[in-house]
Protein chains: 2
Amino acid sequence: MSLCNSDVTVQDERARACTVSEVLGRVGSKWSIGILVEAANGPVRFTELERAVEGISRRMLTLTLRNLERDGLLTRTVYPTVPPKVEYTATEMARELYGTLVQLTSWAERHRTAIAHAQDVYDRANQ
Amino acid sequence: MSLCNSDVTVQDERARACTVSEVLGRVGSKWSIGILVEAANGPVRFTELERAVEGISRRMLTLTLRNLERDGLLTRTVYPTVPPKVEYTATEMARELYGTLVQLTSWAERHRTAIAHAQDVYDRANQ
DNA sequence: CGGTATCCAGTTCGATACTG
DNA sequence: CAGTATCGAACTGGATACCG
């Protein structure tokens, strides 16, 4: 199975979204998953995300949000109030992904310690 | 929902595998998914992977394989023949992940062009 | 065949400070 | 509240060459 389909006509826009590996590079990036899961259940605000996605810096949150918005996975809504209020909502496309992301995090959760242990073993074998 | 469970005792080994975001950082890295999908259906050899995972360099293939082996997702078997033969096999833990990874790649496949289009729109709006 | 070694450009990311 | 700006350290990843 090829992840980057080459059996497509040359004229399409494959050059822009070479695809699966590229797309997953964004969607699967360290912070994207957390943000997408968070945003899947209704709109979230910037500060909510900052608290919910533990360990993320303000800078990375901003950058990741911009990328997700650019990819059409989040919509950004600004309410011109004082103080300003900005909400991020998952698009339909992103919500389709939700179930898979939950499976992914659940898998990671279940095997967290097994992975940490495997690393210990490996590192001891290759001091 | 917190992706990085903080409601665990302080004494556990969370420090090592802070977890979901860390684990996903590896599993979801650009090349890991392709390699894992490839290895899920029986053993694969180094050169097979080099051909199957399009665009990967020899160096990155080696590095990614080492990481996956370290994480306990792949086992590496060396046959002391001439020329040497090395096989990589997905562990049970990795095979559990297979279905999810297929969903993920399938989603990426379906929305590839929509994402590319969203980027175009976004970029035009923010020249 | 299945790697390793080296170099180096580019990218990522945290820390910190500032703003409408 | 929701960002932006800037800097430097660290990591990533490609190219190339060599090896048992």
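Letters A, B, ... mirror the listed sequences (proteins, then strands); counts begin at 1.
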Legend entry - For atom CG of B:Leu63 and atom C1' of D:dA15, their distance in whole Å: 14 Å
Inset, instruction - Take atom CZ of B:Arg66 and atom P of C:dA5, then tell me their distance rounded to the nearest Å. - result: 11 Å
Inset, instruction - Answer with base, sugar-phosphate or nothing: what part of the nucleic acid does A:Thr47 contact at a heavy-atom distance below 4.0 Å? - result: sugar-phosphate
Inset, instruction - For B:Ser57, answer base if it contacts any base atom (sugar-phosphate contacts may also be present), sugar-phosphate if it contacts only those atoms, and nothing otherwise; contact means non-hydrogen atoms under 4.0 Å. - result: sugar-phosphate
Legend entry - Side-chain (B:Trp107) to main-chain (A:Met93) donor-acceptor, under 3.5 angstrom: yes
Inset, instruction - Provide, to the nearest angstrom, the distance between the CD atom belonging to A:Glu69 and the P atom belonging to D:dA2. - result: 15 Å
Inset, instruction - Check whether any side-chain nitrogen or oxygen of A:Arg58 sits under 4.0 Å from OP1 or OP2 of D:dC1, and answer yes or no. - result: no
Inset, instruction - Mind checking A:Tyr79 for me? I need base, sugar-phosphate or nothing, with any heavy atom below 4.0 Å counting as a touch. - result: nothing
Inset, instruction - To the nearest Å, give me how far apart CG (A:Leu49) and C1' (D:dG3) are. - result: 13 Å
Legend entry - Atom pair CG/CZ of B:Leu97 and A:Arg110 - distance to nearest 0.5 Å: 9.0 Å
Inset, instruction - Would you kindly give the CD-to-P distance between A:Glu48 and D:dG3, to the nearest whole Å? - result: 13 Å
Inset, instruction - By nearest nucleotide on DNA chain D, pick out whichever of A:Thr62 and A:Pro83 is the more 5' one. - result: A:Pro83
Inset, instruction - Please tell me which of the listed nucleotides, C:dG3, C:dC1, D:dG3, lies nearest to the side chain of B:Arg45? - result: C:dC1
Inset, instruction - Check whether any side-chain N or O of A:Arg76 sits under 4.0 Å from OP1 or OP2 of D:dG3, and answer yes or no. - result: yes
Inset, instruction - Rounded off to whole Å, could you give me the CG-to-P distance for the A:Leu74 and D:dA2 pair? - result: 15 Å
Inset, instruction - Write down the distance between CG (A:Leu61) and C1' (D:dT4), rounded to a whole number of angstrom. - result: 13 Å
Inset, instruction - Using only side-chain N and O atoms of B:Arg59, determine if any of them is under 4.0 Å from OP1 or OP2 of C:dT6. - result: no
Inset, instruction - May I ask you to decide if A:Gly72's main-chain N or O and A:Thr91's side chain share a donor-acceptor pair within less than 3.5 Å? - result: yes
Inset, instruction - Starting from C1' on D:dT12, measure out to CD1 on B:Ile56 and report it in whole angstrom. - result: 13 Å
Inset, instruction - First locate atom CZ of A:Arg26, then atom CG of A:Asp71, and finally report the distance between them rounded to the nearest 0.5 Å. - result: 4.5 Å
Legend entry - Any A:Tyr88 side-chain N or O less than 4.0 Å from OP1/OP2 of D:dC1: no
Inset, instruction - Examine the side chains of A:Thr62 and A:Arg66 and answer whether a donor and an acceptor come within less than 3.5 Å of each other. - result: no
Legend entry - Shortest side-chain distance from B:Pro84, nucleotide among D:dG20, D:dC1, C:dG14: D:dG20
